[in-house]
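Below is one structure, written out as C-alpha cells, with a few remarks after it.
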Amino acid sequence: MNDEFRNFANELVDKMTMEEAGSQLRYNAPAVERLGIPAYNWWNEGLHGVARSGTATVFPQAIGLAAMFDRDILKRIAETISTEARAKYNESRKRGDRGIYKGITLWSPNINIFRDPRWGRGQETYGEDPYLTGELGVAFIQGLQGDGKYYRTAACAKHFAAHSGPEAIRHGFNAEVNKKDLAETYLPQFEKAVKKGKVEAVMGAYNRLNGEPCCGSPELITDMLRGEWGFEGHFVSDCWAINDFHKFHNLTEAPYQSAAMALNAGCDLNCGVCYECIQTAVDEGLTTEEKIRESAKRVFTARARLGMFADDCEYDSLNLLDVDTPENRKLSYEASCKSLVLLKNDGILPLKGVKNIAVVGPNADSQKVLEGNYNGTASEYVTNLEGIRRSAGDGVRVFYSMGCDLYKDRIYAFEADDDLVNEAVTMAEYSDVVIMCAGLDTTIEGEEGDTGNAFAAGDKVDLFLPASQKRLIRSLAKTGTPIILVNNTGSPMDFTEEEQYCSAIIQCWYSGEYGGLALADTLFGKSCPSGKLPITFYKDGTLPEFTDYSMKGRTYKFLEAEPEYPFGYGLSYTSFAYSNMELKEDGDKLLCRIDVTNVGDVDGEEITEVYVAADINEKAENDKNSEYLGRMALDNQPKYCLVGFERNQLKKGETKRVSIVIDKEEMRTVLSDGTKVLLQGRYTIYAGGSQPDPVSERLLGTAPMSMDIEI
C-alpha cells in the first residue's frame with residue numbers, strides 16, 4: 001500500500017513544472033488546477049483536542065494526559081481528536097474552505113522532554129521521562145493515524161531535537177548537548193515515534209543543536225532520522241524557523257540561502273515564507289530541481305496516504321454529527337478524573353458532612369485553566385466553582401470569593417487586593433472548609449509570543465505561586481479553617497510553604513472542559529484520585545542554570561537534591577499492597593509478574609510502575625564488559641529508569657496478577673560516546689506504586705518490591 005501511495009505521488013509530481021513543485025513545499029500550498037490538485041493548508045493542531053477551528057472536545061492539557069500513565073485511554077483520546085478533525089475537514093471542504101486550521105495534518109504530539117520546570121511550553125509535553133514520553137507518544141500517534149487503508153489524520157512528532165526552552169532566546173539559541181545525554185534523554189522518544197509509531201511527520205526545532213540549525217541539519221534529518229531510523233515520512237520546519245537561520249543564528253545572509261540550507265538537509269515543508277524564494281536558490285546554484293521534486297514527492301505521498309485524491313476513503317462520511325458528541329464529552333470528563341494527582345491528604349478528603357464551603361481564589365471560576373495552550377473551544381465548560389456547586393449536593397452552602405488577582409502583585413500594590421482578601425477571610429470564618437483555587441494560566445506560562453505571558457516570554461521566573469496568592473493563603477490559614485489547595489498549572493510548583501497551611505493539595509493541571517466537575521467529584525469521593533506525577537516537583541533554587549542542557553541534576557534519574565514531590569508519585573483514597581513478585585527472562589524481554597491488592601475501603605485504580613537499576617561501577621569491574629570500559633561514562637549515570645507501567649482498576653479487596661513486559665532495549669547503558677549497550681551483570685528490578693526513592697517511601701509509607709536478575 002505504501003508503494004501505491006509513493007507511486008501515485010511520484011507520477012503526480014513528475015507532471016509538475018519545477019515552479020509548481022516548489023509551490024507545494026509551503027504550508028499554505030496553492031492549487032495546481034491543471035492537475036486537479038486543490039489548495040491545502042498543512043497547519044493544524046490537535047495537542048489535546050482540535051485547536052483554533054471552532055467547537056471541539058477539549059481534553060486536559062498534554063501534561064495532564066501524561067499523569068494518567070495510560071496508553072489505552074490516550075489512544076482513544078487521539079482517535080476522538082482525529083475523528084473530529086476529519087469531520088471538520090470534510091465540512092470545510094464541502095464549502096470550499098481550505099484555510100488554516102481546517103486540515104488533517106495535525107502538528108502533534110509534542111514529545112520534547114520537560115527537563116526544566118520553568119519552561120512555559122512544558123505543559124504541551126508528556127513530562128520528563130523518555131520512556132513514558134515515548135510510550136505515550138506512540139499511543140497518541142497511532143490513535144491519530146488509525147489503522148485503516150488511509151490515515152484518519154497525519155501525526156507529527158515535534159520538536160526535533162533537544163528543544164525545551166528558554167522561550168525568550170529560542171530563535172537564536174544553540175543547545176549544547178553531549179552524545180550521552182542526546183542518546184539517553186533527548187532522542188529516544190523520537191526514535192520510538194518513528195520506528196514503533198510510524199509517525200508521518202517530524203517537525204524541526206527553532207534552536208541549533210551543537211551548532212547546526214535543527215531545521216537545516218543533514219546530521220539530524222538525513223543521517224539520523226532517515227538513515228539510521230528509516231523515517232519514510234515528511235519533515236516540516238517549525239513556523240518561521242528557517243527565517244531564524246539568517247535573522248538570529250547568523251548562518252546565512254538572506255532568505256533564499258536559508259531555504260537552500262533547509263531543503264538540502266531534507267526539510268520538505270516550510271511553515272513560513274522562506275520557500276517562496278526557492279526559485280532564487282536554484283538560480284543561484286544553491287539547490288537543485290531534484291531536491292525540490294524529492295521533497296514534493298514526500299509531501300504528496302502524505303496527501304495520498306490521507307486519501308485526499310481517493311474516492312474510497314473510509315473517513316469521507318464523517319461530518320458535524322461526529323464532533324462534540326456526548327461520548328466524546330464523557331471521555332474528556334474521564335480523562336480529567338484520571339489526570340488529577342493528589343499530593344497531600346491528612347484525611348480531610350474525601351469531604352463528608354460539610355455544610356458551608358468557601359471556594360476562594362483567582363482560578364476558582366476561570367475558564368482559561370480548563371484550556372491550557374494549543375486549545376480548542378468547548379461547547380460547555382465546568383469551572384472549579386461550578387463543579388463544586390453541582391457536586392456538593394443539597395443543603396451545602398457554597399460561598400465564593402476571588403480573593404486576589406491571579407498575579408496582580410506583579411503590577412499593582414498589594415493594598416488593591418485588601419478588599420478581596422478580607423471578603424475571602426470572612427467566608428472562611430463561616431465555613432467548614434476552604435477550597436483555595438490557586439495556580440497560573442496561559443497568560444503567565446506558555447509559548448513565547450503568546451498574548452499576555454510576557455513576564456519571561458512564557459517561562460516562569462521561579463517555582464512559587466504568585467505573591468498575591470501566597471499572601472491570600474497565609475491570611476486564610478489564620479482563620480483556622482482547614483484549607484484544601486487546588487492547583488491549576490501546566491508545570492511543577494514549590495509548595496514548601498503552602499504545605500504548612502493546607503490539609504490537602506491536588507494538582508489539576510489545565511484540566512479540560514469538565515475539569516471542574518472532575519475536581520468536585522474527586523473532592524466529594526465520587527471519583528477516586530489515581531494520577532501520578534509525570535515530572536518531578538522540585539524545590540526552588542535546586543536546579544541548574546536554565547540554559548544548561550546537561551542532564552546532571554535534572555529529572556528523577558539524575559536529581560541530586562531532594563524533591564518536594566517525586567516523579568511517579570500520587571496518593572489515592574484507598575491503599576494497594578504488592579506481593580508475589582517474579583521475573584522471567586524470555587530472549588530480549590523480561591516478564592515481571594506481581595500481585596496487586598486493593599487493601600483499602602473503596603474501589604480505585606492503581607498505576608504499577610517498574611524501574612530498573614544497574615550498578616555501573618560493579619559492571620565496570622566485570623571482565624565480560626571489558627570491551628566497553630574505555631567508553632563507559634561512570635559519572636552521571638541514572639539511579640534507575642522507568643521501564644514499564646500499567647493502570648488497573650481494582651475493587652476493594654480485589655487482587656490482580658499484573659504482568660508487565662520489559663524490553664531489554666530499555667535496560668541498555670548509554671556510554672560516553674552515545675553508544676547503547678546491554679552490559680552484563682546484575683540488575684535490580686523494582687515494581688510498585690512509585691519509584692524506589694526515600695521521598696516516595698516517606699510520603700506513601702511503603703516502598704516498591706524488588707528482585708535481582710543476572711543478564
Side-chain angles (χ1 to χ4, degrees), residues 47-49 57-82 108-111 114 123-144 155 189 192-193 196-197 327-328 330-342 507-512 514-515 518 521-522 527-535 567-574 576 592 594 596 598 603-611 642-651 656 658-662 687-691:
L47 181 66
H48 56 117
T57 307
V58 176
F59 294 93
Q61 178 59 290
I63 191 68
L65 298 178
M68 300 187 300
F69 279 67
D70 192 328
R71 301 172 186 85
D72 294 337
I73 189 173
L74 188 62
K75 185 177 180 180
R76 286 167 51 206
I77 288 168
E79 289 168 351
T80 299
I81 293 168
S82 62
S108 303
N110 182 339
I111 56 172
F114 199 172
Q123 61 180 280
E124 302 173 29
T125 75
Y126 297 133
E128 70 182 32
D129 183 67
Y131 175 78
L132 178 65
T133 299
E135 291 295 299
L136 296 183
V138 166
F140 195 82
I141 289 163
Q142 292 175 340
L144 287 186
Q189 65 277 15
K192 189 172 286 187
K196 186 176 177 181
E327 293 78 15
N328 295 356
K330 182 179 178 182
L331 182 61
S332 178
Y333 165 78
E334 181 184 353
S336 295
C337 290
K338 291 177 183 287
S339 70
L340 301 185
V341 184
L342 182 60
Q507 177 65 29
C508 294
W509 317 106
Y510 297 133
S511 54
Y514 292 116
D521 284 351
T522 301
S527 174
C528 183
S530 59
K532 304 278 190 176
L533 292 180
I535 184 168
F567 173 91
Y569 164 77
L571 298 171
S572 174
Y573 291 158
T574 189
F576 300 94
C592 176
I594 194 165
V596 185
N598 183 342
D603 300 344
E605 295 188 18
E606 170 71 332
I607 297 164
T608 300
E609 305 167 35
V610 178
Y611 295 81
L642 181 71
V643 293
F645 60 89
E646 185 177 317
R647 175 186 279 267
N648 284 282
Q649 186 169 20
L650 293 99
K651 297 184 180 300
K656 283 188 177 179
V658 175
S659 297
I660 295 178
V661 177
I662 304 168
S690 69
Q691 59 165 295

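Nothing fancy with the numbering, it's 1 onward along the sequence.
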- Atom pair CZ (F140) and CG (L74), whose distance is rounded to the nearest 0.5 Å: 6.5 Å
- So, does K656 use its side chain to make a donor-acceptor pair with the main chain of Q649 at under 3.5 Å? yes
- Message: Using side-chain heavy atoms (C-beta onward) and a distance below 4.5 Å, is R71 in contact with F645?
- Response: yes
- Item | Nearest heavy atoms of A687 and V610, plus distance in Å | CB-CG2, 4.2 Å
- Do the side chain of Y611 and the main chain of G688 share a donor and acceptor less than 3.5 angstrom apart? no
- From CG (D603) to OG (S572), nearest 0.5 Å: 10.5 Å
- Please check if the side chain of H48 supplies one atom and the backbone of F59 the other of a donor-acceptor pair under 3.5 Å. yes
- Message: Between Y131 (side chain only) and V643 (backbone N and O only), is there a donor and an acceptor less than 3.5 Å apart?
- Response: yes
- Task: Quick one: do M68 and I77 satisfy side chain to side chain contact (heavy atoms under 4.5 Å, CB included)? Show the steps, please.
- Result: CA-CA 12 Å; M68 300 187 300; I77 288 168; 4.1 Å; yes
- Does any N or O in the side chain of S336 come within less than 3.5 Å of the main-chain N or O of S511, such that one atom is a donor and the other an acceptor? yes
- Shortest non-hydrogen contact from I660 to G644? CG2-CA, 3.9 Å
- Query: Looking at N598 and K651, what are the two nearest heavy atoms and their distance?
  - Reply: CB-O, 3.3 Å
- Message: With heavy-atom distances below 4.5 Å as the criterion, would you say the side chains of L331 and I73 are in contact?
- Response: yes
- Query: What's the shortest heavy-atom distance between E135 and K192, and which atoms?
  - Reply: OE2-NZ, 2.8 Å
- Task: Please lay out, stage by stage, how L571 and Y569 fare under the test side chain to side chain contact (heavy atoms under 4.5 Å, CB included).
- Result: CA-CA 7 Å; L571 298 171; Y569 164 77; 3.3 Å; yes
- Message: Checking the side chain of N328 only, and the main-chain atoms of T57 only, is there a donor and an acceptor separated by less than 3.5 Å?
- Response: no
- Item | Inter-residue atom distance L65.CG - K338.NZ, 0.5 Å rounding | 12.5 Å
- What is the distance from atom CG of L136 to atom CD1 of I141, rounded to the nearest 0.5 Å? 11.0 Å
- When you look at F567 and L533, which way does the side chain to side chain contact (heavy atoms under 4.5 Å, CB included) test go after all the steps? CA-CA 5 Å; F567 173 91; L533 292 180; 5.6 Å; no
- L650 to E606 - nearest heavy-atom pair and separation: CD1-CB, 4.3 Å
- Message: If I compare all heavy atoms of A193 with all of I111, which pair ends up nearest, and what's the gap?
- Response: CB-CD1, 4.0 Å
- So, W509 side chain and P60 main chain: donor-acceptor pair closer than 3.5 Å or not? no
- Query: Hey, is the main chain of T608 close enough, under 3.5 Å, to the side chain of K532 for a donor-acceptor pair?
  - Reply: no
- Query: Can you check whether V58 reaches S332 side chain to side chain, under 4.5 Å on heavy atoms?
  - Reply: no
- Flag the pair R76 and E334 as a salt bridge only when some basic side-chain nitrogen lies within less than 4.0 angstrom of an acidic carboxylate oxygen. yes
- Message: To the nearest 0.5 Å, what is the distance between CZ on F576 and CG on N648?
- Response: 9.5 Å
- Item | E124 side chain to N110 backbone, donor-acceptor under 3.5 Å | no
- Check against side chain to side chain contact (heavy atoms under 4.5 Å, CB included), L342 and Y573: CA-CA 9 Å; L342 182 60; Y573 291 158; 3.8 Å; yes
- Query: Hey, what do you get for CD (E605) to CZ (R647), rounding to the nearest 0.5 Å?
  - Reply: 5.0 Å
